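Written below as structure tokens is the structure these notes are about.
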Protein chains: 2
Amino acid sequence: MTTRTAAQRHAEARISHQARFSDCPTNRLLDRIGEKWVALIFKELAEGGPRRYGELADAIAGASQKMLTQTLRRLERDGLLSRTVTPAVPVRVDYALTPLGQSLVPVLLAVTRWAEQNIEQIDVAREAHDAQHH
Amino acid sequence: MTTRTAAQRHAEARISHQARFSDCPTNRLLDRIGEKWVALIFKELAEGGPRRYGELADAIAGASQKMLTQTLRRLERDGLLSRTVTPAVPVRVDYALTPLGQSLVPVLLAVTRWAEQNIEQIDVAREAHDAQHH
DNA sequence: CTGAATCCAAGCGGATACTG
DNA sequence: CAGTATCCGCTTGGATTCAG
């Protein structure tokens with residue numbers, strides 16, 4: 001039977017659009033840089049150059065060890081940063097932005113600039129909105 | 001007693017950094033525009049001008065009604081878009097970017113441009129990485 | 001020092017049903 | 001038409017413990 005309810009057709013449409021969502025480069029990128037600690041990691045590596053794992057952990061003390069490692073590994077997998085292991089005792093691991101990662105820095109800076117210049121307007125709008133709807 | 005274990009001090013440090021994280025304008029903005037449907041909503045409103053709720057729902061068929069409404073309301077609360085109710089039967093609701101929202105469009109475009117130009121390099125890096133670690 | 005593995009709570013986000 | 005309300009599974013992310 002080709003008979004389907006409106007709900008079924010709508011569900012199917014949603015599925016196919018979900019696929020397109022995951023394929024959309026913009027959404028894929030926003031998923032990455034929107035991750036909780038990515039902005040801070042980029043800030044550290046962009047401003048301070050290569051960093052050891054422990055240095056990053058200190059600089060980004062808000063992140064748990066698990067999240068920091070997970071995030072670093074995902075960024076490495078995407079080719080945005082490099083991970084260099086120096087076999088020694090104890091072991092030494094350095095992270096650095098790749099050229100691809102560096103090319104993303106200006107984009108992040110654009111985001112930062114807009115945020116710093118406009119965050120106050122957002123706060124004002126939020127207070128006004130909250131006041132109106134008591 | 002001022003005596004605290006290293007673990008306690010570390011936990012306290014993490015708490016205070018968590019607060020700073022939530023205050024950071026960049027992270028606050030990324031939290032917003034990183035939400036699942038924000039990029040598509042902005043794309044629709046930036047390219048097509050004001051849109052009725054139903055038109056947005058059709059254009060962004062991947063989003064459930066609940067998520068679409070939630071996201072629109074949060075963006076409205078932040079002053080990034082406006083919601084205009086026309087009392088009629090049936091009721092008509094239009095959404096549009098505010099000037100503040102429009103000022104964010106170029107930033108989103110920068111993200112989109114980088115994504116489209118570099119997503120392939122990310123895919124390549126990912127395949128290479130996955131291949132190496134079988 | 002740099003992680004991996006496990007456990008668990010909180011919340012995001014989808015499905016469904018109902019409403020002015 | 002444009003939502004609201006409820007239920008619920010799954011993912012996210014922190015705490016803790018163990019390891020090379």
Side-chain angles (χ1 to χ4, degrees), chain A residues 5-19 21-22 27 30-32 34-38 40-41 50-77 81 83-95 133, chain B residues 5-19 21-22 27 30-32 34-38 40-41 50-74 76 81 83-95 133:
Chain A
T5 67
Q8 279 176 325
R9 269 184 290 101
H10 190 235
E12 287 168 20
R14 186 134 20 80
I15 301 290
S16 79
H17 279 270
Q18 298 271 25
F21 178 91
S22 304
N27 284 320
L30 281 173
D31 268 6
R32 254 305 149 275
E35 276 173 23
K36 198 166 184 182
W37 304 104
V38 169
L40 284 174
I41 291 173
R51 281 273 185 276
R52 295 189 59 170
Y53 178 85
E55 295 175 322
L56 284 175
D58 288 345
I60 312 174
S64 66
Q65 176 257 340
K66 173 187 167 186
M67 288 316 300
L68 184 57
T69 299
Q70 270 188 10
T71 308
L72 288 169
R73 288 299 167 85
R74 276 193 289 253
L75 292 174
E76 184 205 2
R77 179 169 180 250
L81 55 79
R83 176 172 177 270
T84 310
V85 181
T86 305
V89 181
V91 88
R92 174 196 177 106
V93 180
D94 290 272
Y95 291 92
H133 303 267
Chain B
T5 66
Q8 278 177 323
R9 271 185 288 100
H10 190 234
E12 286 168 20
R14 185 131 23 76
I15 301 290
S16 79
H17 279 271
Q18 298 272 25
F21 178 91
S22 303
N27 283 321
L30 281 173
D31 267 6
R32 254 302 152 276
E35 277 173 22
K36 198 167 184 180
W37 304 104
V38 169
L40 285 173
I41 291 172
R51 282 274 185 276
R52 298 188 56 170
Y53 178 86
E55 295 175 324
L56 284 174
D58 287 345
I60 311 173
S64 67
Q65 188 184 37
K66 173 188 167 186
M67 288 317 300
L68 183 57
T69 297
Q70 269 189 11
T71 307
L72 288 169
R73 290 298 167 85
R74 277 191 289 251
E76 184 204 2
L81 56 79
R83 177 172 176 269
T84 309
V85 181
T86 306
V89 182
V91 96
R92 174 195 177 107
V93 180
D94 290 272
Y95 291 92
H133 303 267

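Keep in mind the model is a prediction, meaning the values are calculated, not measured. Every heavy atom of this structure was used, including side-chain atoms; hydrogens, water molecules and symmetry mates were not. Proteins get letters first, then strands, A, B, ... in listed order; numbering begins at 1 in each.
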Under a 4.0 Å heavy-atom cut-off, which of residues 87-95 of chain B touch DNA chain D?
B:P90, B:V91, B:V93, B:Y95

Quick one: which protein N/O atoms are closer than 3.5 Å to N/O atoms of nucleotides 7-13 of chain D? Pair and distance per line, please.
residue	atom	partner	partner atom	Å
D:dG13	N7	A:K66	NZ	3.4

Nearest whole angstrom, please: distance from the [atom2] of [N] to the [atom1] of [X].
{"X": "A:Y53", "N": "D:dG20", "atom1": "OH", "atom2": "P", "result": "18 Å"}
{"X": "B:Q65", "N": "D:dA2", "atom1": "CD", "atom2": "P", "result": "10 Å"}
{"X": "A:D31", "N": "C:dG13", "atom1": "CG", "atom2": "P", "result": "10 Å"}
{"X": "B:R52", "N": "D:dG3", "atom1": "CZ", "atom2": "C1'", "result": "13 Å"}
{"X": "A:L68", "N": "C:dA4", "atom1": "CG", "atom2": "C1'", "result": "14 Å"}
{"X": "B:E76", "N": "D:dA2", "atom1": "CD", "atom2": "P", "result": "15 Å"}
{"X": "B:L72", "N": "D:dG3", "atom1": "CG", "atom2": "P", "result": "8 Å"}

For the residue pair A:D94 and A:Y53, establish whether any side-chain heavy-atom pair is separated by less than 4.5 Å.
no

Is there a side-chain contact between A:V93 and A:R83, using heavy atoms and a 4.5 Å cut-off?
yes

Output every pair passing salt bridge (charged side-chain N to carboxylate O under 4.0 Å, His left out) with a member in residues 50-64 of chain B, not counting sequence neighbours, ordered by first then second residue.
B:E44-B:R51

Between A:R83 and C:dT2, is there a side-chain N or O to OP1/OP2 distance below 4.0 Å?
no

Five-pair end axes of the helix from C:dC1-D:dG20 to C:dG20-D:dC1, angle between them (10°):
50°

Mind checking the [atom1]-[atom2] spacing from [X] to [Y]? Nearest 0.5 Å is all I need.
{"X": "A:Q70", "Y": "A:Q65", "atom1": "CD", "atom2": "CD", "result": "9.5 Å"}
{"X": "A:K36", "Y": "B:L30", "atom1": "NZ", "atom2": "CG", "result": "13.5 Å"}
{"X": "B:L40", "Y": "A:N27", "atom1": "CG", "atom2": "CG", "result": "5.0 Å"}
{"X": "B:L72", "Y": "B:W37", "atom1": "CG", "atom2": "CH2", "result": "12.5 Å"}

Heavy-atom pair with the smallest gap, counting every atom of A:L75 and A:I41:
CD1-CG2, 4.3 Å

Over all atoms of both residues, closest heavy-atom pair of B:L68 and B:A57:
CD2-CA, 3.6 Å

Can you name the side chain to side chain donor-acceptor pair (under 3.5 Å) partners of A:R74, sequence neighbours left out?
A:E35

Pairing residues for A:Y95 by the ring pair (Phe, Tyr, Trp, His ring centres under 6.0 Å) criterion, not counting sequence neighbours
none

